[in-house]
Amino acid sequence: MKSSAISGFYKLSIDERLRLVKEFADLTDEEVSALKASGALSLDLADRMIENVIGVFPMPMGIAVNFLINGRDYLIPMVIEETSVVAAASHGAKMTRSKGGIFASSTEPVMIGQIQAVKIKDPYRARMSILEAKEDILKKANEQDPMLVSVGGGAKDLRVKVIDTIKGPMVITELLVDCRDAMGANAVNTMCEAVAPLIAHITGGKVLLRIVSNLATERLARAWTIVDKNAVGGEEVVDSIIDAYAFAAADPYRAATHNKGILNGIISVALATCNDHRAIEAGAHAYAARFGCYMPLSVWEKNEDGDLVGSIEMPMAVGIIGGATKVHPIAKIALKILGVKSARELAEVMVSVGLAQNLAALRALVSEGIQRGHMELHARNIAIMAGATGELIDIIADRMVKERKIRMDRAREILEEYRGRADEGLKKLLA
Ligand code: MEV
């Protein structure tokens with residue numbers, strides 16, 4: 001079995017990394033070329049994806065290593081503009097390998113579609129009537145997507161609630177639609193629009209909104225991990241990480257940042273696979289606040305061996321078919337690198353990336369802080385921009401970090417120093 005635990009991956013050249021990823025995911029030469037060509041999304045295709053196109057917008061795509069999820073190794077494609085996130089995900093995943101990696105599961109991929117009915121005098125009677133017509137409504141919904149029904153998905157159930165609003169009571173019908181491997185917003189919206197006249201007729205009210213809900217509480221992904229205390233730096237660090245979690249659980253100002261760290265990982269994979277990241281973010285934050293108080297999405301505790309135990313649960317509305325996932329050439333390759341066979345598997349991988357990302361952030365925050373890691377990467381970038389190549393990149397970056405002078409002028413000075421030394425060596429050899 002191929003392992004994702006590739007040490008020193010970050011030190012390799014882009015070509016060497018691509019060679020390893022190609023081997024891992026059986027990529028073709030064309031796919032490797034597409035990854036290397038930063039303009040792989042043609043203007044023509046872009047023009048068919050959205051309106052008013054004037055160009056394409058390239059972003060860096062990196063690979064997080066070390067992920068072991070449900071006993072299987074994954075390389076994780078991540079698209080993100082922020083330094084350190086890919087490195088942190090890899091580091092977090094490495095720590096989780098100490099006790100078998102991350103274990104993930106998910107519910108059936110069921111999305112909720114809402115149909116709002118207003119101006120109903122007797123809303124509770126209307127609710128009963130809608131429930132009585134359940135079979136007809138589900139049938140009408142399923143007629144919209146025979147393909148989805150043929151693969152085992154479709155509208156499975158319906159629930160109706162009466163809500164109190166500033167405009168009086170409203171009757172909200174919720175269609176529960178199994179979207180299988182699609183994210184499903186389109187399918188759900190189509191079904192909601194199709195059953196709306198039926199609901200208007202049954203209730204005698206006026207139907208307004210017919211739209212998917214991004215609070216996808218029926219489509220949850222879960223992950224947990226045990227991290228050996230020695231892998232995080234000892235029991236004191238375990239306790240500090242739990243203190244950090246307790247801070248987030250007691251203070252929404254911290255919880256928002258805690259969850260931002262989780263989303264750093266999840267959204268990077270959403271972008272790489274062209275999934276709707278806004279839907280995931282909306283679902284994540286609404287879920288975090290579902291008890292009326294904004295809470296962290298993950299929980300960290302300590303087991304009887306003193307090891308760190310982390311878990312996470314959140315909505316994860318993602319697909320591997322439909323939408324842009326199968327249109328965007330790089331997203332297709334990202335899915336191939338991931339090797340996921342279903343939307344549920346992708347959701348499980350993504351929530352695991354979120355957990356590992358969170359672990360790495362908390363581990364750094366309770367010890368040296370995150371700036372050091374940020375600075376190291378920043379220093380490498382500055383060294384490269386100053387003209388350093390090969391081993392000199394790390395040498396110059398290290399010196400700048402130690403001196404706490406991460407600046408272009410300093411990078412150039414150190415580079416000159418080394419070039420001077422190299423010239424001296426050459427002169428001696430020639431003499
Ligand atoms: C930075 O992008 C993310 C962190 O702020 C997350 C956290 O504080 O847990 C480091």
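The structure displayed is predicted, hence computed values, not measured ones. Just so you know, ligand 1 is whichever comes first in the structure, and atom 1 is the first atom listed for that ligand.
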- Is Arg222 paired with Glu313 through a side-chain N to carboxylate O contact shorter than 4.0 Å? yes
- Please check atom 1 (C) of ligand 1 for a protein heavy-atom neighbour under 4.0 Å. yes
Would you be so kind as to tabulate the donor-acceptor pairs closer than 3.5 Å made by side chains of residues 375-386, with sequence neighbours excluded?
unit_1	atom_1	unit_2	atom_2	d
Glu376	OE2	Arg372	NE	3.2
Glu376	OE2	Arg372	NH2	3.1
Arg380	NH1	Asp394	OD1	2.4

- Item | Distance from atom 10 (C) of ligand 1 to nearest protein heavy atom, with residue and atom | Ile370 CD1, 3.8 Å
- Message: Using a strict threshold of under 4.0 Å (side-chain N to carboxylate O), is an ion pair present between Lys156 and Glu218?
- Response: no
- Task: Give the contacting part of Asn264 toward ligand 1: side chain, backbone, both or neither, where contact means a heavy-atom distance below 4.0 Å.
- Result: side chain
- Message: Salt bridge or not between Glu108 and Arg180? Use side-chain N to carboxylate O under 4.0 Å.
- Response: yes
- Message: Distance under 4.0 Å to a non-hydrogen atom of Lys260: what atoms of ligand 1 satisfy this?
- Response: 1 (C), 2 (O)
- Query: Which of the atoms of ligand 1 are close to Gly261, meaning less than 4.0 Å from one of its heavy atoms?
  - Reply: 6 (C)
- Task: Can you pull out the closest protein heavy atom to atom 8 (O) of ligand 1? Residue, atom name and distance to 0.1 Å, please.
- Result: Arg254 NH1, 2.8 Å
- Numbered atoms and elements of ligand 1 in range of Glu82, under 4.0 angstrom, heavy atoms: 1 (C), 2 (O)
- Query: After noting the C-alpha distance and the side-chain angles of Asp228 and Ser98, does the key distance pass the side-chain hydrogen bond (donor to acceptor under 3.5 Å, both in side chains) rule?
  - Reply: CA-CA 6 Å; Asp228 191 299; Ser98 57; 5.4 Å; no
- Query: For ligand 1, which part of Leu365 has a heavy atom less than 4.0 Å away: the side chain, the backbone, both, or neither?
  - Reply: side chain
- Message: Here's a test for you: under side chain to side chain contact (heavy atoms under 4.5 Å, CB included), which of Ile266, Asn70, Val318, Ile76 qualifies with Val349?
- Response: Ile76
- Item | Closest protein heavy atom to atom 5 (O) of ligand 1, given as residue, atom name and distance to 0.1 Å | Thr257 CG2, 3.5 Å
- Only counting residues at least two apart or in another chain, list the ones meeting salt bridge (Lys or Arg N to Asp or Glu O under 4.0 Å) with Arg72. Glu345
